[in-house]
Every structure is written in structure tokens, then in C-alpha cells.
Amino acid sequence: MNKNKQKVIAILTALTFVLLAGCTDNKAAETPKTTEKQVETQTQGNQGTSENKKEEQLQDGHENEADLKTFISKEGGFSLVQPEMWNDNVAAVEGKNAEMKAEWETSFHILVDGKADKESSALMTITKMTKANYDAISKEEGPTIGDKLGENDKFVWVMSTPQANPYEEKSDEFKKFNDMMLDFEFVKKNFKMNN
């Protein structure tokens, strides 16, 4: 009887492990073409009002208090406090995007062999466009252009993400891409317009 219990427990444990492992979908997603330049993330000092933000991020499990970095896009007119997990794993590629009629576009790509993998889909893209262009594109048929992060009198900033992981399912890049993905609420909370 004891051996039967052990077998049942072993089978249940194995089934639980298989179920927890989960399944993923591996479809390619397209990234808009941009005139590109790779940019560096800048470390910015944490001052008085950022203490509350740090506490919130720590509670969300996205940050380690020691290494908060802020990406600043001068042309894009925004800054973004990045999660610690992006340190040495993600780089930004910026440029104009005529196809989207964007003033500026910043795409965040995982690093492969120390360089931004611009040939594959970005983890996310933040697009700065005029309100007029945003309104016109929003009225068009088809998929939405993304989620609005912010706006001022002249511009709208939109975040878009790929529909699927572009890498082979069993590759290291596939796992890295999944690990580096951010949700909209995290980005919105850590996004700041600078103009």
C-alpha cells in the first residue's frame, strides 16, 4: 500500500510540473521600419520625490533599489525608469518613422551578442506623434496603434508591443524576450513626458 501511495504522489508531482511549465506561441511579429540610431541608457540620481516611486516599484517586484536607471529620449520628449532586469539586456533604437507619420519612435530591443537585435521585433515601442496624426490614425480601420501613455497640447505618446515572441521557442533569446517584457501599467507608471 505504501508503494502505491509513493507512485501516485510521484505521478501527481510530475503532472503538476508539466502543467506549471506551460505552453507558449511562437509567431513572428512585424516591427515598423525606422531610421535608426542606437542610444545609451543614462543613470539618473534618485531625488526626494522618486523615493515613493522606488517603494512602489519594489512592491511590484520590478526593481532592486540599488540600480534604478532612467532612459531619456531627448528627441522623443520622454523618460522611462527601466526595470533592473533590463540592465545589460535591452537597448533602445531611435529614429523617425515616416510610415506611422511619427515625430519620433523609440524601440526597445533585447541584446543578442551585445548588440540590439534590430532584425527582430522590439519588446515595445514608444511613438511620439502629433495629436492630429494620432486622431487620423485612430479613426482608420484595423488594429489599434497601441496604448496611450500620455499627451500634451501638441503630441501624443503611444506604447505598442509585438503580438508574439519572434524567436525560436527553445532558444535562449525566446526565454530572454519573454523575461524582459513589461506590462502597460508598469510602463505608464514609470513614463514621464519631458516636453
Side-chain angles (χ1 to χ4, degrees), residues 21-44 57 60-64 66-129 137 142-149 157-192 194:
C23 297
T24 57
D25 186 16
N26 185 23
K27 295 178 187 170
E30 294 183 23
T31 302
K33 298 192 185 327
T34 58
T35 307
E36 301 162 345
K37 71 174 185 177
Q38 191 166 345
V39 295
E40 299 281 326
T41 298
Q42 300 175 2
T43 303
Q44 182 170 319
Q57 291 163 345
D60 287 347
H62 289 288
E63 292 290 345
N64 178 341
D67 284 327
L68 291 179
K69 287 189 178 183
T70 301
F71 171 80
I72 300 170
S73 175
K74 191 181 285 186
E75 294 90 346
F78 74 92
S79 60
L80 177 68
V81 176
Q82 298 180 171
E84 181 187 3
M85 67 183 178
W86 275 21
N87 295 352
D88 302 321
N89 288 305
V90 175
V93 176
E94 295 196 285
K96 290 195 176 225
N97 183 341
E99 181 182 326
M100 288 275 295
K101 299 179 184 172
E103 293 293 312
W104 199 254
E105 188 171 80
T106 305
S107 297
F108 296 89
H109 294 267
I110 67 167
L111 297 178
V112 175
D113 298 325
K115 296 179 184 171
D117 187 7
K118 297 182 279 188
E119 301 303 314
S120 291
S121 298
L123 289 164
M124 72 171 184
T125 299
I126 296 176
T127 304
K128 173 188 172 185
M129 62 181 63
I137 292 171
T144 64
I145 58 174
D147 297 306
K148 189 188 299 185
L149 289 168
W157 287 262
V158 177
M159 172 189 160
S160 58
T161 55
Q163 293 179 359
N165 187 324
Y167 296 98
E168 291 293 323
E169 191 171 344
K170 295 183 181 183
S171 69
D172 290 340
E173 290 84 6
F174 182 88
K175 181 179 181 337
K176 186 176 187 179
F177 190 92
N178 283 344
D179 290 345
M180 297 298 124
M181 288 294 294
L182 301 178
D183 65 18
F184 176 74
E185 293 305 318
F186 177 83
V187 175
K188 183 155 177 85
K189 181 170 58 172
N190 292 287
F191 173 86
K192 180 183 172 201
N194 297 335

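Because the structure is predicted, anything quoted here is derived from the model rather than measured. FYI, side chains are in, hydrogens and waters are out, and symmetry mates aren't considered; it's all heavy atoms of this structure.
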Closest non-hydrogen atom pair between [X] and [Y], with its separation:
| X | Y | answer |
| --- | --- | --- |
| Gly76 | Trp157 | O-NE1, 2.7 Å |
| Phe177 | Ala164 | CE2-O, 4.4 Å |
| Pro162 | Leu123 | CD-O, 3.2 Å |
| Met159 | Leu182 | CE-O, 4.1 Å |

Interatomic distance, [X] atom [atom1] to [Y] atom [atom2] [nearest 0.5 angstrom]:
| X | Y | atom1 | atom2 | answer |
| --- | --- | --- | --- | --- |
| Ile126 | Glu94 | CD1 | CD | 9.5 Å |
| Glu105 | Thr125 | CD | OG1 | 5.5 Å |
| Lys176 | Asn89 | NZ | CG | 4.5 Å |
| Met181 | Met85 | CE | CE | 9.5 Å |
| Phe108 | Gln82 | CZ | CD | 6.0 Å |
| Lys115 | His109 | NZ | NE2 | 15.0 Å |

Do the non-hydrogen side-chain atoms of [X] and [Y] ever get within less than 4.5 Å of each other?
| X | Y | answer |
| --- | --- | --- |
| Met124 | Val187 | yes |
| Trp104 | Lys96 | yes |
| Ile145 | Met129 | yes |
| Phe78 | Lys128 | no |

*Does a sphere of radius 6.0 Å around CG in Asp179 hold more than 12 heavy atoms from other residues, nucleotides or ligands, not counting ones at 6.0 Å or beyond?*
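Counting neighbours around CG of Asp179, more than 12 heavy atoms of other residues, nucleotides or ligands fall under 6.0 Å, so yes.
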_salt bridge (Lys or Arg N to Asp or Glu O under 4.0 Å) partners for Asp113, two or more places apart_ =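 Result, salt bridge (Lys or Arg N to Asp or Glu O under 4.0 Å) vs Asp113: none returned.
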*Just one of Asp172, Asp117, Asn178 clears the side chain to side chain donor-acceptor pair (under 3.5 Å) bar with Tyr167, so which one?*
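Option passing the side chain to side chain donor-acceptor pair (under 3.5 Å) with Tyr167: Asp117.
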*Using modelled atom types only, decide if a donor and an acceptor are shared between the side chain of Asn165 and the backbone of Phe174 within a distance under 3.5 Å.*
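Looks like yes, one N/O pair under 3.5 Å.
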*asked:* Can you tell me which residue among Ile72, Leu149, Thr70, Asn190 is in a side-chain contact (heavy atoms from CB on, under 4.5 Å) with Leu80?
replied: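 It is Asn190; the other options fail the test.
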*Can you check whether Trp86 and Phe71 have ring centres sitting under 6.0 Å from each other?*
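No.
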